[in-house]
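Notes follow once the structure below has been shown.
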Amino acid sequence: MCGIVGYIGNKQAAPILLGGLEKLEYRGYDSAGIAILDGEKITMEKTKGRLKVLSDKIHGGEDLKGTIGIGHTRWATHGAPSDINSHPHLSRNGRIALVHNGIIENYLQIKALLESEGYTFVSDTDTEVVSHLIDYYYNGNMIDAIIKAIHRIEGSYAFGIISVDHPGELFAVRKSSPLIVGLGNGENYIASDIPAILSHTRDVYFLEDNEIVWIKGADVKVLDVYKHEVKKEVFHVDWDVSAAEKGGYEHFMIKEIMEQPKAIEDTVCPRIQGGNIVLDDIKLTKEQINSLKKIYIIGCGSAYHVGVVGKYVIEKLTRIPVEVELASEFRYRDPIVGKGDLVIIISQSGETADSLAALREAKVRGARVLSVVNVVGSSISRESDDVLYTWAGPEISVATTKAYSTQLQAMYLIALHIGINNGKISEEEKEHYLAEIQTIPSKVGKIIEDVAPLQNYASKKYGSKDIFFLGRGLDYCVALEGSLKLKEISYIHSEAYAAGELKHGPISLIEDGTLVIALATQDSLFEKLLSNIKEVKARGATVFAIAQEGNTEIEKEADFVVYIPKIDNLFAPSLTVVPLQLFSYYVAVNKGCDVDKPRNLAKSVTVE
Ligand code: M6R
């Protein structure tokens with residue numbers, strides 16, 4: 001979950017590294033550090049706290065001179081955030097500096113071995129063992145030492161490494177943690193993610209597990225563990241650097257909420273051609289579709305919530321049974337999955353450790369894996385049989401909004417594709433669904449046009465201690481996401497319940513003034529939901545309801561109502577979620593929370 005960056009060229013490295021780290025802060029932000037190689041010495045500065053603290057300390061990088069360096073922004077796993085636990089970590093003689101993203105699972109064993117060889121440790125991190133281990137194996141050849149070290153360690157890693165014994169060189173290697181190489185003109189970069197280097201170059205290599213990067217001057221080599229050179233394809237990034245900038249908004253989150261109409265349109269419209277769904281990237285044949293026994297949808301957090309919507313939608317349109325599971329559960333529960341099953345992995349980052357492990361588990365058992373991923377070239381996309389990209393563009397805010405919304409569209413596209421192919425959707429239904437789905441961008445646009453009522457309501461409710469979300473059917477699925485959004489950025493305790501479950505326990509939590517957010521967009525369940533609203537009102541709750549335009553009856557019961565434009569109920573989640581995102585955002589802003597970087601969280605959860 002940490003971010004790493006490295007530079008080698010003829011410019012001063014430190015300001016470039018700080019610039020790159022700023023773009024990676026979404027990956028972790030409890031401490032930061034950089035190490036610069038200047039001839040035969042390494043200078044290093046690292047500190048607990050946000051990147052700004054480090055940057056101020058070294059005057060925007062001016063204090064550290066040298067044209068080769070590595071940098072790190074941390075999300076602590078082993079050892080509390082502190083100056084000493086911050087990266088980079090040095091080898092015992094200070095000749096090697098290393099930054100790491102991932103977890104070294106057998107670090108205690110290695111530590112014991114190194115201690116018996118006279119090494120002493122200054123930090124509580126798992127990473128420090130690796131800088132010493134490389135030193136331990138170093139015999140004049142850095143590549144050999146790195147290969148020996150990665151053979152010895154278990155876990156996940158992306159390392160950036162410099163050494164005073166190799167004054168014009170930069171090394172890197174990865175396994176199960178993302179790492180790219182940025183190819184410039186006479187200068188090169190390594191980074192955890194594209195935005196870190198996008199202002200310098202658009203040409204990148206995506207690295208596979210255990211590929212070792214050796215950059216000497218301007219020469220970039222990628223080697224395998226047998227030291228054979230690997231021919232890499234250059235990937236040209238075609239999205240605009242401004243896509244990863246705030247562009248005048250106060251936070252990335254609100255910018256990304258506002259980008260949803262375009263993100264949805266980009267994800268859906270190119271895939272509807274001549275009155276049909278065209279999923280060029282999916283190689284699943286008609287025969288394979290017709291012999292599908294079961295579909296699993298797997299993800300974490302919001303991606304899992306998309307899966308919950310996906311279950312309702314796919315089962316309805318294809319009549320194939322769907323199970324939706326948390327990746328962290330699926331991977332360890334010996335699931336009954338195999339040939340003839342389709343496993344859909346949903347992930348914005350494409351790097352989530354549990355989702356990647358679930359993918360591998362499904363493949364080993366013979367299932368076909370289709371992933372729904374936003375980050376092009378990410379591990380999950382590369383390891384899947386088929387990929388359906390969500391064209392949301394870079395999502396920087398830790399709380400997902402536009403990625404969630406585009407993932408929902410992927411669920412519809414997959415459901416329609418399968419349902420049309422297995423004959424469960426008639427021509428007439430197909431026409432109707434295709435027409436409806438294409439109205440989503442403009443309807444989301446209409447919701448975000450006037451945020452004032454939600455902004456105003458949030459300014460009255462941001463002091464709430466507990467907030468409950470209720471819904472039935474697809475509204476329940478969206479309630480799960482609304483509740484997560486609120487709690488992760490505003491730190492208000494919140495829970496989502498299927499409204500029918502109220503009487504089975506949760507209603508005892510309702511007291512005078514408790515805020516209940518009731519989702520009532522599903523026509524067939526509207527009356528039932530109205531009854532649930534009455535029940536909580538009778539116990540003192542204040543109710544904020546979301547309903548479809550025209551269902552004004554709700555105003556008799558609810559204290560505050562937001563209407564979404566009329567749409568086929570199946571697609572309502574795409575609209576309902578938007579006021580919930582806005583409400584969470586404005587509550588968090590009112591509370592003075594760090595909206596884009598909520599405490600304890602990171603955007604890309606590359607550790608278990
Ligand atoms: O990158 P992924 O989609 O795999 O991430 C999954 C979750 O970590 C993510 O959705 C998380 O729950 C977000 N913070 C929610 O806003």
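Counting convention: from 1, in listed order, for ligands and their atoms alike. Heavy atoms only: backbone and side chains are in, while hydrogens, waters and symmetry mates are out.
- Looking only at heavy atoms of the protein, atom 14 (N) of ligand 1 is closest to E488 OE1, 2.8 Å.
- Residue Q348 has at least one heavy-atom neighbour below 4.0 Å for each of these atoms of ligand 1: 1 (O), 2 (P), 3 (O), 4 (O).
- Ligand-side atoms of ligand 1 in range of S302: 10 (O), 12 (O), 15 (C), 16 (O), range being under 4.0 angstrom from any heavy atom.
- For ligand 1, the atoms sitting less than 4.0 Å from at least one non-hydrogen atom of S349 are 1 (O), 2 (P), 4 (O), numbered in the order shown with element in parentheses.
- Among residues two or more places apart in sequence or in another chain, the salt bridge (Lys or Arg N to Asp or Glu O under 4.0 Å) test is passed with D281 by R271.
- Considering both main-chain and side-chain atoms, S355 never comes within under 3.5 Å of ligand 1 through any nitrogen or oxygen pair.
- Counting atoms of ligand 1 from 1 in the listed order, those under 4.0 Å from a heavy atom of K485 are 15 (C), 16 (O).
- The local environment of NZ in K262 is sparse, with at most 12 non-hydrogen atoms from other residues, nucleotides or ligands closer than 6.0 Å.
- Atom-to-atom distance recorded for I418:CD1 and I295:CD1 is 4.0 Å, nearest 0.5 angstrom.
- Nearest protein heavy-atom contact of atom 2 (P) of ligand 1 is T352 OG1, 3.2 Å.
- Shown in contact with G301 at under 4.0 Å from a heavy atom are these atoms of ligand 1, numbered in order with element: 12 (O).
- Here the protein heavy atom with the shortest distance to atom 8 (O) of ligand 1 is V605 CG2, 4.0 Å.
- Annotation for ligand 1: atoms under 4.0 Å from non-hydrogen atoms of A399 are 16 (O).
- Ion pair K23/D193 not flagged as a salt bridge, since none of the NZ, NE, NH1 or NH2 atoms sits closer than 4.0 Å to an Asp/Glu carboxylate oxygen.
- Contact annotation: for E351 versus ligand 1, there are no heavy atoms closer than 4.0 Å.
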Practice task
Applying side-chain hydrogen bond (donor to acceptor under 3.5 Å, both in side chains), run through S494 and S483 and close with a yes or a no.
Solution key: CA-CA 6 Å; S494 144; S483 169; 2.6 Å; yes

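- A heavy-atom distance below 4.5 Å is found between the side chains of L207 and L179.
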Exercise for the section: Test ring pair (Phe, Tyr, Trp, His ring centres under 6.0 Å) on F583 and F544 and set out the steps. Expected result: CA-CA 11 Å; F583 178 70; F544 156 19; 5.4 Å; yes

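- Shown in contact with V398 at under 4.0 Å from a heavy atom are these atoms of ligand 1, numbered in order with element: 13 (C), 14 (N), 16 (O).
- Looking only at atom types and distance, the side chain of T401 has no donor-acceptor partner in the side chain of Q260 under 3.5 Å away.
- At the top of the distance list for atom 6 (C) of ligand 1, counting protein heavy atoms only, stands C300 O, 3.3 Å.
- Under 4.0 Å is where a charged nitrogen must lie from a carboxylate oxygen, and between K363 and E383 no such pair does.
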